[in-house]
Amino acid sequence: VSATGPVDWGPLLAGTAGRAAAFLASLPDRVVGPPAALDDLLAALGGPLPDGPDDPEAVVAALAAGADAGLVAMAGPRYFGFVTGGSLPAAVAADWLATAWDQNAVLYVASPAAAVAEEVAAGWVLDLLGLPDGASVGLVTGGQAANTTCLAAARHHVLAAAGWDVERHGLAGGPPVTVVVGAERHSTIDRSLRLLGIGTGRLVVVPSDDQGRMVVGDLAGALDAVDGPAIVCLQAGNVNTGAFDDLATACEVAGRRGAWTHVDGAFGLWAAASDRRRHLVAGAAAADSWATDAHKVPNVPYDCGLAICAHPASHAAAVGMGEAAYLPRSTGGRRDAARWNPEASRRARGMPLWAALRSLGRSGMADLVDRMCDLAGRFAAALDGAGGAEVLNDVVFNQVLVRFGDDDATTAEVVRRVQDDGTCWLGGTTWHGMGAMRISVCSWATTEADVDRSVEAILRCADPV
Ligand SMILES: Cc1ncc(COP(=O)(O)O)c(C=O)c1O
């Protein structure tokens, strides 16, 4: 590689596009889990750092050959692990362009195009989610970073209201912040609280019901016992069952007591985009902050999370970048992403988000949500009562929990066999003390035929167990 002559990009990028297109075309038929063992991958990709440079095409060829057997068909139609979105075609292509353009989305002055694409996409997100027009939006790496960013804003806001400047003084010596959570909150909430120095030792845990929803009738009592600044964390979409907390009641109760309400809706907040599912998030707009992911339901490629805040001044005070003489700040409606992100330099992830939302439009987004939920219902209907299977949850969104037989070992063995079989991929979990198979439908590419083929594979794997 030399910086002295013109680079002939065409063959490198055309060859790479060919490889990518071949991979994407193979997704419907690929073994979904990774066939390669760790040692094979280390043998293919490992070895000492080369002594000198290598030709870019040879490097890409070596990466493609070495990685292939370790790739998971996550973007394909039969990947049902964790909560994993696929990648919409326009978003994949836009993400490539964002890489080729190599724009730093830190400040407007660094990349006006990145800033405007991000601002426009953020507005579309608020519209689809039914959240307040004036809310601030940070495009972060994912739900974890979104929860942390929103809870940093919450920490600032409730402490400022108590007369404490946490950005200046830190937490030591200030009024203690109490965080009220449901028993089935997502584990990233606790991690965010650790990172923010609030810790998990003072959490007030409100019990959850049989679907994992906060027992909202207990929230008022929990808040009454709190002395000082308080934050309430709610879930729009339980990571196992897909169940939604009663957001309207919880926001009303918390608001009356002056607590900040945060909603973790990494996948569930997108219910708002569908006429048929919007009731699940009724009242969400009354919260103070919302964390969600674009790499889940909207099928933007990794990574893209959204930290949304009804109090832009608190958002900026908590995570906005400090002054430095060489970093000119923008005015007049020009977006500086560093006001809303805990990062400084970062990729232009607004570009693929813009492309995904533009390619779907309002009706496409609604269809996408409905298709995922309807296909989850199809899984549940086909599996419940078949081959010793029992569906454990009310399938209200895109998540299905299934148990085989009456001991955990049987379910774990079926999950293992399904993963080995390769027709589809899904994981296991523990739900209220019981081992369960977890099915999460989150890709634009999944069809009814994919669900039927996966059900057939699951029942085949369950049969001999
Ligand atoms: C409800 C919920 N919150 C937070 C997260 C974390 O999101 P991410 O993995 O994008 O950081 C997830 C991930 O599945 C989730 O389902």
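Please read all numbers here as calculations on a predicted model, not as lab measurements.
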What distance separates I439 CD1 from T429 OG1, expressed to the nearest 0.5 Å?
12.5 Å
Main chain of G361, side chain of R358: is a donor-acceptor contact present, judged purely on distance under 3.5 Å?
no
Where do G427 and Q419 come nearest, in terms of heavy atoms and distance?
CA-NE2, 3.9 Å
Interatomic distance, C304 atom SG to K296 atom NZ [nearest 0.5 angstrom]
11.0 Å
Any non-hydrogen side-chain atom of T423 less than 4.5 Å from a side-chain atom of R453?
yes
Looking at side-chain heavy atoms only, is the closest gap between R185 and C233 below 4.5 Å?
no
Going by distance alone, is a donor N or O of one side chain under 3.5 Å from an acceptor N or O of the other, for Q211 and T241?
no
Which heavy atom in G283 sits nearest to a heavy atom in C251, and how many Å separate them?
O-SG, 4.0 Å
CG of N147 to CD1 of I189, rounded to nearest 0.5 Å, is 3.5 Å
Could you give me the CA-CA distance, side-chain angles and deciding distance for V402 and L392, then say whether side chain to side chain contact (heavy atoms under 4.5 Å, CB included) is met?
CA-CA 6 Å; V402 191; L392 299 179; over 6 Å; no
Output side-chain donor-acceptor pairs under 3.5 Å for residues 120-134, partner residues at least two apart or in another chain, one line each.
residue: D127; atom: OD1; partner: R362; partner atom: NH1; Å: 3.2
residue: D127; atom: OD2; partner: R362; partner atom: NH2; Å: 2.8

Less than 3.5 Å apart, which donor and acceptor atoms pair up between the side chains of residues 135-143 and the rest of the protein, not counting sequence neighbours?
residue: S136; atom: OG; partner: C309; partner atom: O; Å: 3.2
residue: S136; atom: OG; partner: H315; partner atom: ND1; Å: 2.8

Under a 3.5 Å cutoff, is there a donor and acceptor pairing between the side chains of D264 and Q235?
yes
Within the 4.5 Å heavy-atom criterion, are L193 and L151 side-chain neighbours or not?
yes
I'd like to know if the side chain of D288 reaches the main chain of H262, judged simply by a donor and an acceptor atom lying under 3.5 Å from each other, with no hydrogens or angles considered.
no
From CZ (R378) to OG1 (T447), nearest 0.5 Å:
9.0 Å
Ring geometry between H311 and W260 (parallel below 30°, tilted from 30 to 60°, perpendicular above 60°)
tilted
Carboxylate-amine/guanidinium contact E448 R371, below 4.0 Å:
no
Between CG of L234 and CG of D246, what distance do you get to the nearest 0.5 Å?
9.0 Å
Tell me, do M365 and V297 make a side-chain contact under 4.5 Å, heavy atoms counted?
yes
Do you see a donor-acceptor pair shorter than 3.5 Å between the side chains of T411 and D408?
no
Sequence-distant partners of N299, side chain to side chain contact (heavy atoms under 4.5 Å, CB included), two or more places apart
L88, L368, M372, S443, W444
Quick one: closest heavy-atom pair of H295 and Y302, and the distance?
ND1-CD2, 3.3 Å
Mind listing the closest non-hydrogen atom pair of T292 and G265 along with its distance?
OG1-O, 2.8 Å
I would like to know whether R276 and D374 meet salt bridge (charged side-chain N to carboxylate O under 4.0 Å, His left out); could you show each step before the answer?
CA-CA 11 Å; R276 289 171 54 204; D374 291 345; 2.9 Å; yes
Would you mind reporting whether T84 and C442 have side-chain heavy atoms less than 4.5 Å apart?
no
Polar side-chain atom of T430 near backbone of G433 as donor-acceptor pair, under 3.5 Å
no
Between I458 and C424 the two heavy atoms that sit nearest each other are CG1-SG, 4.5 Å
Examine distances only and state if a side-chain atom of E119 and a backbone atom of R335 form a donor-acceptor pair shorter than 3.5 Å.
no
Enumerate donor-acceptor pairs with a distance under 3.5 Å from any side-chain N or O in residues 29-41 to protein atoms, sequence neighbours excluded.
residue: R30; atom: NH1; partner: D68; partner atom: OD1; Å: 3.4
residue: R30; atom: NH2; partner: D68; partner atom: O; Å: 2.9

Report yes if the side chains of V253 and L223 come closer than 4.5 Å at any heavy-atom pair, otherwise no.
yes
Which atom pair, heavy atoms only, marks the closest approach of A254 to T261?
CB-OG1, 3.5 Å
Do L306 and D293 make a side-chain contact, defined as non-hydrogen atoms from C-beta onward lying under 4.5 Å apart?
no
Test item: S440 side-chain N/O and F82 main-chain N/O as donor-acceptor pair under 3.5 Å
yes
Pair H432, E184: side-chain N/O donor-acceptor within cut-off below 3.5 Å
yes
Would you say D190 and T200 are linked by a side-chain donor-acceptor pair, where the criterion is simply a distance under 3.5 Å?
no
Between CZ of R438 and CG of L426, what distance do you get to the nearest 0.5 Å?
10.0 Å
What side-chain donor-acceptor pairs closer than 3.5 Å can you find for residues 10-24, not counting sequence neighbours?
residue: T16; atom: OG1; partner: L12; partner atom: O; Å: 2.6

With sequence neighbours left out, which residue pairs that include part of residues 414-430 fulfil the salt bridge (charged side-chain N to carboxylate O under 4.0 Å, His left out) condition?
E413-R416, E413-R417, R416-D420, D421-R460
Looking only at side chains, do T410 and D407 share a donor and an acceptor under 3.5 Å apart?
yes
Do S454 and R78 meet the criterion of a side-chain donor-acceptor pair at a distance under 3.5 Å?
no
is_close_aromatic(F397, W270), centroid dist under 6.0 Å
no
Is W101 close to R347 at the side-chain level, that is, under 4.5 Å between some pair of heavy atoms?
no
